[in-house]
Amino acid sequence: MPLPRKLRKSIQRNAYFLTQKRKFVPHCSSDLSTSCREEVPNYLSINVLQDQSNTKPGATRKVLVILNPNSGFRSSRDVFYKKVQSTLKLSGFKMEVIETAYAGHAKVLSSTVDLQKFPDGIICVGGDGIVNEVLNGLLSRDDFEVAIRFPIGIIPAGSDNSLVWTVLGIRDPVSAAIALTKGGFTPIDVFAVKWIQAGVTHFGLTASYYGFVADVLQLSEKFRVQLGPFRYVVAGLLKFLSLPQYRFEVDYLPASPGRNSELRPLTKKCHEQLSDDGKVRRGTQINGRIEDNWVTRNGEFLGIFVCNHFCKPAQGLLSPVIAPKAQHDDGSLDLILVHGSGRLRLFCFFIAYQLCWHLLLPYVEYVKIKKVKIRPVGNTHNGCGVDGELLHGEDKAEWQCSLLPAQGRLLGQDPRALK
Ligand SMILES: Nc1ncnc2c1ncn2[C@@H]1O[C@H](COP(=O)(O)OP(=O)(O)OP(=O)(O)O)[C@@H](O)[C@H]1O
């Protein structure tokens with residue numbers, strides 16, 4: 001019986017990939033244009049093929065465990081040694097455990113470790129920050145083409161573990177350990193945030209954000225030692241009370257030009273009301289050449305979020321999601337623009353977000369994109385948050401956020417695949 005057309009095409013694509021020498025665009029790590037992504041084969045299907053050979057139960061798996069003793073309530077040691085280690089050992093994991101001694105240590109470890117010594121991956125015990133460090137360490141290696149696909153496991157023990165909760169549906173360390181023992185990988189898009197003037201690139205798996213949230217992230221660092229995870233609440237309240245105005249110039253490239261990629265467009269009225277010249281401009285001139293379909297939004301924004309998955313916070317009762325249509329492997333980013341300024345508007349957004357109604361607000365714009373360029377204007381906070389880490393910009397920093405042309409891998413099965 002002939003195979004269905006879709007399946008036949010996928011097999012042909014995979015066979016082509018396996019017989020071809022891997023073609024990596026050499027400039028991709030520095031000039032992280034999304035267009036590169038379209039030139040490479042479909043990594044998702046390749047990963048699935050490889051995953052099946054990697055999940056033999058009872059097989060010995062050699063991993064490096066990087067444990068951040070300062071994560072969350074500083075309970076990572078208890079979490080790992082008391083709740084998780086024995087489960088992993090019993091199921092055949094051979095682990096070398098290294099505790100981080102300083103901020104940045106996990107990045108140094110993952111950038112220098114001999115990956116062949118730990119062929120089954122690196123397991124992070126901590127929050128999203130430590131996972132981000134490991135990712136950035138892997139991608140700073142000379143062999144980044146291989147390292148990007150090096151499996152990263154997560155035992156959640158931090159202030160927030162949005163990544164593992166959103167992508168794998170796992171919130172507690174014991175379930176995370178069980179998921180690791182079952183084997184398998186979940187392919188995940190990796191995005192890059194480039195500070196254009198400095199030529200510095202930082203990678204992420206969850207989201208990058210600008211405006212109020214980045215400002216809160218910066219302030220929260222002052223309270224890290226005294227307040228632990230509550231530092232975000234205190235910093236958020238303080239920043240709310242002394243709320244500045246944030247002005248940005250934003251250019252984004254929609255994911256599907258010509259199609260209806262705007263999931264939640266601004267209403268015309270609000271559009272006119274909110275932006276100085278926030279008109280949709282087709283055929284914008286970028287770097288001297290016309291690139292079609294770039295859309296420009298200029299003006300005041302309370303916040304800008306660029307999400308790789310739908311970003312469900314692991315803490316809190318309601319677990320609202322910021323970008324409901326975002327998928328971690330869909331090859332696009334979800335952009336949320338919260339237009340305007342002022343405490344009342346911010347408060348309404350926050351309440352609506354808790355109830356997942358924020359996309360109904362007339363000043364919230366939601367669109368699927370390939371990439372976005374963001375320039376803070378005037379005295380606007382010029383930093384940017386990436387997966388809970390703050391990147392400091394200087395003066396007229398311009399940020400560009402886009403996807404990489406290859407996917408990373410998380411240890412553990414995608415719950416969608418299990419269904
Ligand atoms: N030994 C250490 N001492 C101080 N800081 C550390 C240490 N190890 C790691 N860090 C830093 O702690 C930061 C937060 O780590 P992690 O994400 O594991 O915890 P967290 O409590 O969830 O924090 P966050 O909410 O900021 O992500 C990381 O960015 C890392 O740079």
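Indexing begins at 1, ligand by ligand and atom by atom, following the structure's order.
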**Student:** Using heavy atoms and a 4.0 Å limit, tell me yes or no: is E221 in contact with ligand 1?
**Tutor:**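 No, E221 has no heavy atoms under 4.0 Å from ligand 1.
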
**Student:** Students often mix this up, so state it plainly: with edges at 30° and 60°, are the rings of F212 and Y246 parallel, tilted or perpendicular?
**Tutor:** perpendicular

**Student:** So which protein heavy atom does atom 4 (C) of ligand 1 come closest to, and at what separation?
**Tutor:** N70 ND2, 3.1 Å

**Student:** Please work out whether the ring planes of Y353 and H358 are parallel, tilted or perpendicular, with thresholds of 30° and 60°.
**Tutor:** perpendicular

**Student:** Where is the nearest protein heavy atom to atom 27 (O) of ligand 1: which residue, which atom, and how far?
**Tutor:** G129 N, 3.3 Å

**Student:** Considering residues, nucleotides and ligands other than Q116, do more than 12 of their heavy atoms fall under 6.0 Å from its CD?
**Tutor:**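 No - once you tally the heavy atoms of other residues, nucleotides and ligands closer than 6.0 Å, there are 12 at most.
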
**Student:** Nearest to atom 30 (C) of ligand 1, what protein heavy atom do you find, and at what distance?
**Tutor:**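 Sorting protein heavy atoms by distance from atom 30 (C) of ligand 1 puts E133 OE2, 3.0 Å first.
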
**Student:** Can you tell me if F240 has over 12 outside heavy atoms packed within less than 6.0 Å of its CZ?
**Tutor:** yes

**Student:** Which atoms of ligand 1 are found less than 4.0 Å from any heavy atom of T100?
**Tutor:**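 Answer for ligand 1: 1 (N), 7 (C), 8 (N), 9 (C).
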
**Student:** Give the residue, atom name and distance (to 0.1 Å) of the protein heavy atom nearest atom 22 (O) of ligand 1.
**Tutor:**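 Result: S159 N, 2.7 Å.
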
**Student:** Once rounded to the nearest 0.5 Å, what's the spacing between atom NE2 of H309 and atom CG of D329?
**Tutor:** 11.5 Å

**Student:** Ligand 1 versus H105, non-hydrogen atoms closer than 4.0 Å: side chain, backbone, both, neither?
**Tutor:**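 For H105, there is no contact with ligand 1 at all, from either part.
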
**Student:** Measure up the Y210 and W399 rings against each other and bin them: parallel (under 30°), tilted (30 to 60°), perpendicular (over 60°).
**Tutor:** tilted

**Student:** What protein heavy atom lies closest to atom 23 (O) of ligand 1? Include the residue and the distance to one decimal.
**Tutor:**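 The closest heavy atom on the protein side is R231 NH2, 3.6 Å.
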
**Student:** For F350, does the CZ atom sit with more than 12 other heavy atoms under 6.0 Å from it, leaving out its own atoms?
**Tutor:**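 Counting other residues, nucleotides and ligands, CZ of F350 stays at 12 neighbours or fewer.
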
**Student:** Atoms of ligand 1 less than 4.0 Å from I130 heavy atoms?
**Tutor:**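 Taking each heavy atom of I130 in turn, ligand 1 has 9 (C), 16 (P), 17 (O), 18 (O) under 4.0 Å.
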
**Student:** Considering only non-hydrogen protein atoms, determine which one is nearest to atom 15 (O) of ligand 1 and report residue, atom name and distance to 0.1 Å.
**Tutor:**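 For atom 15 (O) of ligand 1, the nearest protein heavy atom is N68 ND2, 2.9 Å.
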
**Student:** Could you list which atoms of ligand 1 come closer than 4.0 Å to a heavy atom of G72?
**Tutor:**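 Answer for ligand 1: 20 (P), 21 (O).
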
**Student:** Is it the case that atom CG in D143 sees more than 12 heavy atoms from other parts of the structure closer than 6.0 Å?
**Tutor:** yes

**Student:** Got an N/O contact under 3.5 Å between G127 and ligand 1?
**Tutor:**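 Such a contact does occur with ligand 1.
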
**Student:** Could you check whether atom CZ of F347 has more than 12 heavy atoms from other residues, nucleotides or ligands sitting under 6.0 Å from it?
**Tutor:**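 Atom CZ in F347 is not crowded, with 12 or fewer foreign heavy atoms closer than 6.0 Å.
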
**Student:** Of K373, R375, K371, R297, which meets salt bridge (charged side-chain N to carboxylate O under 4.0 Å, His left out) against D251?
**Tutor:** R375

**Student:** Report, in ascending order of atom number, the atoms of ligand 1 lying under 4.0 Å from any heavy atom of D128.
**Tutor:** 17 (O)

**Student:** Kindly compute the distance separating OG (S71) from CD1 (I155), expressed to the nearest 0.5 Å.
**Tutor:**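 Taking OG in S71 and CD1 in I155, the distance rounds to 12.5 Å.
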
**Student:** If you count heavy atoms of other groups shown closer than 6.0 angstrom to CG of D114, is the number above 12?
**Tutor:** yes

**Student:** Pull out every atom of ligand 1 sitting under 4.0 Å from any heavy atom of G158, numbered as shown with elements.
**Tutor:**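 Counting atoms of ligand 1 from 1, those under 4.0 Å from G158 are 22 (O).
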
**Student:** Can you pull out the closest protein heavy atom to atom 19 (O) of ligand 1? Residue, atom name and distance to 0.1 Å, please.
**Tutor:**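 Closest protein heavy atom to atom 19 (O) of ligand 1: S71 OG, 3.2 Å.
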
**Student:** For ligand 1, note which part of A101 has a heavy atom under 4.0 Å away: side chain, backbone, both or neither.
**Tutor:**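 Backbone only.
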
**Student:** For ligand 1, which atoms have a heavy atom of E389 less than 4.0 angstrom away?
**Tutor:** 28 (C), 29 (O)

**Student:** Nearest 0.5 Å please: distance from the CG atom of L359 over to the CD1 atom of I336.
**Tutor:**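 Here the interatomic distance stands at 6.0 Å.
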
**Student:** Which ligand 1 atoms are under 4.0 Å away from a heavy-atom of G104?
**Tutor:** 31 (O)

**Student:** Does R224 reach ligand 1, in the sense of a heavy atom lying below 4.0 Å from it?
**Tutor:**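 It does; at least one heavy atom falls under 4.0 Å.
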
**Student:** Measure the distance from atom 25 (O) of ligand 1 to every protein heavy atom, then report the residue, atom name and distance (to 0.1 Å) of the closest one.
**Tutor:**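 So the nearest neighbour among protein heavy atoms is Y232 OH, 2.7 Å.
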
**Student:** Counting from 1, what ligand 1 atoms have a heavy atom of G126 closer than 4.0 Å?
**Tutor:** 18 (O)

